[in-house]
> 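Below is a structure I'd like to ask you about.
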There are 2 protein chains.
Amino acid sequence: MKEIYALLEGNRLSRTPCRIEILKALRQADSALSEPEIREKIGEHFDRTTVYRSLRSFLKLDVIHSIALDGGELRYALSPEKELADSSHHVHFFCNDCSGVFCISHQAFETPVLPDGFEATNFDLLVHGRCKNCKG
Amino acid sequence: MKEIYALLEGNRLSRTPCRIEILKALRQADSALSEPEIREKIGEHFDRTTVYRSLRSFLKLDVIHSIALDGGELRYALSPEKELADSSHHVHFFCNDCSGVFCISHQAFETPVLPDGFEATNFDLLVHGRCKNCKG
DNA sequence: GTAAATTTGCAACATGGTTGCAAAAAATCA
DNA sequence: TGATTTTTTGCAACCATGTTGCAAATTTAC
């Protein structure tokens with residue numbers, strides 16, 4: 001609870017029930033959540049609009065980040081602590097069995113060679129496969 | 001034109017005006033197109049629904065592929081010829097200036113090491129930066 | 001050229017996300 | 001603490017992308 005207040009305070013966001021609940025939900029989840037999943041977890045008594053607005057604020061301040069899946073579906077997850085991760089290389093894992101999305105932010109990878117003239121700033125890698133839980 | 005007929009025939013898809021126009025549009029484009037962009041290029045006289053259904057058929061048969069951008073927006077592009085590309089490693093480039101999306105399918109890259117228990121099947125890399133045309 | 005199979009257009013719907021605005025709740029400050 | 005300012009909320013309405021059901025039109029196969 002303390003950490004969540006700190007997150008909000010550190011980003012100069014007022015401490016509202018909806019925001020607190022969203023951050024709690026994302027922290028408890030072991031995988032990235034869609035907006036409907038978030039709303040389900042925090043109870044239905046918050047308006048869709050409010051949730052989206054909260055997410056947008058979080059995204060802008062990089063408190064959370066979103067992952068776009070193949071069909072365009074978005075999942076949201078807490079951003080890794082700024083010091084721990086390389087901000088230009090993001091790795092996410094999508095499990096074909098359970099559809100879970102896991103952040104593998106601490107894993108660097110070799111950057112590919114690009115054709116002449118292309119200038120890269122950052123790299124988002126989405127790995128598909130089977131996760132720990134589903135492999136059996 | 002011959003190639004487009006061959007593409008359709010090779011995938012046992014009937015030769016309809018809408019499908020032909022979509023494939024022509026995608027072949028002419030130097031970057032991946034959104035559905036609205038496609039519809040704009042092929043003229044407005046095709047129904048939205050029809051375009052989406054054509055795209056779905058193409059996707060299922062891997063005639064085209066889609067790329068999900070950060071916000072969840074989808075772009076569509078012709079798939080590289082099956083022989084030329086490594087089907088488990090896809091690289092796309094998103095230009096922060098012009099918002100163009102370019103397929104860099106021929107560029108392999110080092111696959112990252114994953115945490116214990118994760119089993120990868122394929123890798124989709126989205127590189128952000130500035131493209132050839134926008135770099136000045 | 002005709003019959004069967006496929007595709008089209010339309011209308012209606014679903015989902016994810018945004019906007020405007022008045023009411024409510026936080027933060028600020030005395 | 002209470003009054004004031006600022007921010008956030010809920011609601012209704014809206015937008016965009018994509019899908020479904022069904023009858024009419026087009027392709028294909030014979």
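Scope of the values below: all heavy atoms of this structure, side chains included, with no hydrogens, waters or symmetry mates. Each chain gets a letter, A, B and so on, in the order its sequence line appears, and its residues count up from 1. Treat the numbers as computed from the prediction; the structure is a model and nothing was measured.
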> Indicate yes or no: at least one non-hydrogen side-chain atom of Y76(A) is less than 4.5 angstrom from one of F58(A).
no
> Name the pairs: protein N/O against N/O of nucleotides 16-20 of chain D, kept only if under 3.5 Å.
residue : atom : partner : partner atom : Å
dG18(D) : OP1  : Y76(B)  : OH           : 3.2
dG18(D) : OP2  : Y52(B)  : OH           : 2.7
dG18(D) : N7   : R48(B)  : NH1          : 3.1
dG18(D) : N7   : R48(B)  : NH2          : 3.2
dG18(D) : O6   : R48(B)  : NH2          : 2.7
dT20(D) : OP2  : R56(B)  : NH1          : 3.2

> What is the distance, rounded to the nearest whole Å, between atom CG of D47(A) and atom P of dG17(C)?
14 Å
> Please indicate whether E44(B) has more than 12 foreign heavy atoms, meaning atoms of other residues, nucleotides or ligands, lying under 6.0 Å from its CD.
yes
> Tell me the interatomic distance from L61(A), atom CG, to dT7(D), atom P, rounded to whole angstroms.
13 Å
> Closer than 4.0 angstrom, basic N to acidic O: yes or no for E9(B) and R15(B)?
yes
> I need the CD1-P distance between I20(A) and dT8(D), as an integer number of Å.
13 Å
> Quick one: I22(A) CD1 to dT9(D) C1', roughly how many Å, whole number?
12 Å
> Would you call the rings of H90(B) and H65(B) parallel, tilted or perpendicular, taking 30° and 60° as the class edges?
parallel
> Starting at atom CG of L69(B), determine the distance to atom P of dG17(C), rounded to an integer number of angstrom.
15 Å
> May I have the distance from R15(B) (atom CZ) to dT7(C) (atom C1'), rounded to whole angstrom?
16 Å
> Indicate yes or no: at least one non-hydrogen side-chain atom of C98(B) is less than 4.5 angstrom from one of C131(B).
yes
> Mind grabbing the angle between the end helix axes of the helix from dG1(C)-dC30(D) to dA30(C)-dT1(D)? Five pairs an end, 10° rounding.
40°
> Does any part of the side chain of F123(B), heavy atoms only, come nearer than 4.5 Å to the side chain of V91(B), both counted from C-beta?
no
> Parallel, tilted or perpendicular, judged at 30° and 60°: which one describes the rings of H89(B) and F109(B)?
perpendicular
> Calculate the interatomic distance between R19(A) atom CZ and dA27(C) atom C1'; express it in whole Å.
12 Å
> Specify the separation, in whole Å, of atom CD1 of I42(A) and atom P of dG10(D).
9 Å
> So, OP1 or OP2 of dG10(D): does either fall under 4.0 Å of a side-chain N or O from T50(A)?
yes
> In terms of the nearest nucleotide of DNA chain C, which residue is placed more toward the 5' end: P17(B) or T16(A)?
P17(B)
> Reading DNA chain D from 5' onward, which residue's closest nucleotide shows up sooner: F46(A) or L13(B)?
F46(A)
> Between CG of L26(B) and CD1 of I38(B), what distance do you get to the nearest 0.5 Å?
4.5 Å
> Quick test of your reading of the model: are E35(B) and R39(B) salt-bridged, counting only N-O distances below 4.0 Å?
yes
> Does S14(A) make a side-chain N or O approach to OP1 or OP2 of dT8(D) shorter than 4.0 Å?
yes
